[in-house]
Amino acid sequence: MAQNRNGYGRDRYGSDRFADRRFGDGRFDYGSRERRDRASARAARGGGSRRGRGGSGAGGSASDGALMSRRTLVKGLLGAASFAGVFKLSQHQIFYHDVNMERLEARRIANSTLHAKRGTLYDRNGNVLAASEECSNIALNTYNIEDKKKVASALVKHLGVEKSFANDRVNEETTWTYVARKVDQDVADALMEEGLAGIEFEQTVKRVYPYGQLASQVLGVVNTDNEGISGLELQYEQDLQGENGWIVRERGADGSYIAGGAYEKQAAVDGDDLVLTLDINIQREAEEALAEAVANSGAYHGSIIVTDPTSGEIFAACSYPTYNQADLSTARTEDMNLRVVTDAYEPGSVFKALVSGMAIDLGVADVDTTFDVPPVVLAGDDEVTDVDDRDYAMTMTLREIMRRSSNTGMILVGEKVGADNFAEYLDRYEIGHASGIDFPGENTGIVRSRDEYDGASVAAMSFGQSVSVAPVELTRAISAISNKGIMTTPHFLMAKKGVKVDWSAHDKQVLSEETATKVADMMLTVVDEGTGELGQVEGYEVSGKTGTGQRASETGGYELGKYLASFMGFAPTKDPKVQVYVTLDGTGYTSVAAAQPFATVMGAALQALGVKPTR
């Protein structure tokens, strides 16, 4: 800067600026002349210069020190914030680079599942019992919605959702939120025709049951992922489920798919179709007859199983009460159980058929062997009587003991068999063992081993007490009588991939054919002339046995006034094609409550299978 003669100079912009002499501290004073005069006066008084930055004792004021502290604090905070920002940025750029790239790629690429169709379940006559059909999951990409009011109204109209629910969904900030799952395709198509932006449709499949809740306990259900969780849906999950495929598509930042973007697809492989042994017509008759019997008898619940004793094929199986697969919100867990498999009971007098088979097969008794039967027999410390409450002894043949269903007489038969043989034959009949049925949750009951027998064990088991079995287990055991001594395995699967499944490897010879024939003939007498007369079916020879078992109490011992009424039988006697076992749990004391539903179901099954009359 050029200095003029008055001590002022012009700056580079041409204006006169103060640019005078130096003070003693060697700095230029940019203030006025008056300011310089005041500074000189303070210096003369020893007050020091205000230019110092120390405290008052060091030539600086307290306010200057406070200002200095605030500036230092602010600078420190700004520095720390800058460091944190740089550190965070370095983390994302260096340490988390791969993770961030994966997240970015996940947002850019959509991987959708192509659901495999579960295999179809057919009955033995080709009727579809369970199938899969295409449907849609409905979702929203709210960023693409152009008219929230219209979208909400469309959801209410077509999906039947609450208006408040629809409003909540359309006001979310998301690229994907489900509104409804497994919507019928015609409903989804109608919604799609509205042409509203923001509504997304995801193809999937759902399970349908053309006969409604018929055979629901046998078939079972699947979950939202189409995985079997009960019944045959669970039992044959690996065969039915198939293998899901996938599809990869590129999408934009708003979640919508990019036309012409990256695309890759792996087709789904559908599950195997299975043919079941069920006959839907026999199943319907069984369920209707059982519901009526439970209502008429006042039982808590009941069950029926219908089989071909020569092969083990199950024509029908049901429990009552039942449930509806289409509305699981109202289903009770116990009603979803197939009680012929999952529950075990003291079978009562039905068990006498097995004990008679033991005695005849061992040669310790025959059909016409006589017994002096007293009115009361001790089983341990318990007095056992017959239902007729007679107070006198009778001479009875084994046939008569079966016809009358005499408890006291059968105890005498059990004594002839003996404890060791009794235990051996129980094992032959596989009482206390799994039946081998292709169904989940089998109850194997409670059976004492030989070393657990006490003085009352054989006597009590001879007329069906002190032993607990599931109906399917007893069904298998009785097939040794109805099938000429050969025990077959009850099963539901008939064919897979078009090939019939062979179950004969599970067959087991338990009794001689001669023994089985004699017991079957005694059971014919029971139905023709004895306690099982209500089990008769016009035009057919029917072999059967009634049962009245005591019901175990939850507090121990037996429940007073409540029993298990049952009826086991097969027809025709000489060449059985159908075997039926009915149980009613929680009836009053009666040996015939289960006979009527037995006769109804047996007659329907013989007709459905085209079995010719034998009388």
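These figures come from a predicted structure and were not determined experimentally. Below, each value reflects all heavy atoms present in this structure, side chains not excepted, and no hydrogens, waters or symmetry copies. One is the number of the first residue; the rest follow in order along the sequence.
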Do [X] and [Y] have side-chain heavy atoms sitting under 4.5 Å apart?
X      : Y      : value
Leu121 : Val128 : no
Arg476 : Tyr429 : no
Leu234 : Leu232 : no
Ser216 : Tyr323 : yes
Thr573 : Val542 : no
Val413 : Ile401 : yes
Leu274 : Leu493 : yes
Glu442 : Ser435 : yes

### Query
side chain to side chain contact (heavy atoms under 4.5 Å, CB included) between Gln217 and Thr322: does it pass, once the steps are laid out?
CA-CA 7 Å; Gln217 294 153 333; Thr322 185; 3.6 Å; yes

### Message
Would Asn483 and Thr488 count as a side-chain hydrogen bond (donor to acceptor under 3.5 Å, both in side chains) here? Give the steps.
### Response
CA-CA 8 Å; Asn483 189 41; Thr488 56; 5.0 Å; no

Would you confirm whether [X], through its side chain, and [Y], through its main-chain N or O, come within 3.5 Å as a donor-acceptor pair?
X      : Y      : answer
Asn324 : Ala326 : yes
Asp279 : Arg124 : no
Glu287 : Arg284 : no
Asp438 : Phe492 : yes
Lys352 : Ser405 : yes
Thr587 : Ser297 : no
Ser319 : Arg339 : yes
Thr120 : Ala131 : no
Lys562 : Tyr589 : no
Asn223 : Ile229 : no

Heavy-atom closest pair, residues [X] and [Y]:
X      : Y      : result
Lys574 : Lys484 : O-NZ, 3.9 Å
Leu378 : Glu383 : CD2-CG, 3.6 Å
Met402 : Met523 : CE-CG, 4.0 Å
Arg403 : Glu529 : NH1-O, 3.2 Å
Val467 : Val447 : CG2-CG2, 3.8 Å
Phe570 : Ala520 : CZ-CB, 3.8 Å

Approximate separation, where rounding is to 0.5 Å, of [X] [atom1] and [Y] [atom2]:
X      : Y      : atom1 : atom2 : answer
Tyr211 : Asn127 : OH    : CG    : 3.5 Å
Met522 : Ser543 : CE    : OG    : 10.5 Å
Arg404 : Ser349 : CZ    : OG    : 13.0 Å
Glu285 : Ile280 : CD    : CD1   : 11.5 Å
Glu346 : Ser566 : CD    : OG    : 12.0 Å
Ile481 : Leu511 : CD1   : CG    : 6.5 Å

### Query
Parallel, tilted or perpendicular: which fits the ring planes of His491 and Trp503, with parallel below 30° and perpendicular above 60°?
parallel

More than 12 non-hydrogen atoms from neighbouring residues, nucleotides or ligands closer than 6.0 Å to [atom1] on [X], yes or no?
X      : atom1 : value
Tyr345 : OH    : yes
Ile446 : CD1   : no
Glu559 : CD    : yes
Asp327 : CG    : yes
Glu538 : CD    : no
Gln509 : CD    : yes
Glu514 : CD    : no
Lys496 : NZ    : no

### Task
Verify the distance criterion only: is there a donor paired with an acceptor across the side chains of Thr546 and Thr531 at less than 3.5 Å?
yes

#### Entry: Distance-only donor-acceptor check, side chains Gln241 and Gln238, under 3.5 Å
yes

### Message
Applying side chain to side chain contact (heavy atoms under 4.5 Å, CB included) to Ile437 and Thr489, what does each step give before you reach the verdict?
### Response
CA-CA 6 Å; Ile437 188 173; Thr489 300; 5.5 Å; no

Between [Y] and [X], is the closest basic N to carboxylate O distance under 4.0 Å?
X      : Y      : answer
Arg399 : Asp366 : no
Arg615 : Asp528 : yes
Arg448 : Asp454 : yes
Asp308 : Lys577 : no
Lys500 : Asp502 : no
Arg118 : Glu233 : yes

### Message
Assess the residue pair Leu362 and Val417 against the criterion (side chain to side chain contact (heavy atoms under 4.5 Å, CB included)); give the C-alpha distance rounded to whole Å, side-chain angles, the decisive distance to 0.1 Å, and a yes or no.
### Response
CA-CA 8 Å; Leu362 286 166; Val417 171; 3.8 Å; yes

### Task
Decide salt bridge (Lys or Arg N to Asp or Glu O under 4.0 Å) for Lys518 and Asp368; before the verdict, give the C-alpha distance in whole Å, the side-chain angles of both, and the deciding distance to 0.1 Å.
CA-CA 10 Å; Lys518 289 180 178 180; Asp368 297 323; over 6 Å; no

#### Entry: For Met461, the option from Leu426, Leu354, Val355, Ile431 that meets side chain to side chain contact (heavy atoms under 4.5 Å, CB included)
Leu426

#### Entry: Phe463 ring center near Phe351 ring center (under 6.0 Å)
no

### Task
Would you check, one step at a time, whether the test side chain to side chain contact (heavy atoms under 4.5 Å, CB included) holds for Ser356 with Leu398?
CA-CA 8 Å; Ser356 296; Leu398 181 56; 3.8 Å; yes

### Task
With Lys545 as the cation and Phe567 as the aromatic partner, state whether NZ or CZ is under 6.0 Å from the six-membered ring centre and within 45° of the axis.
no

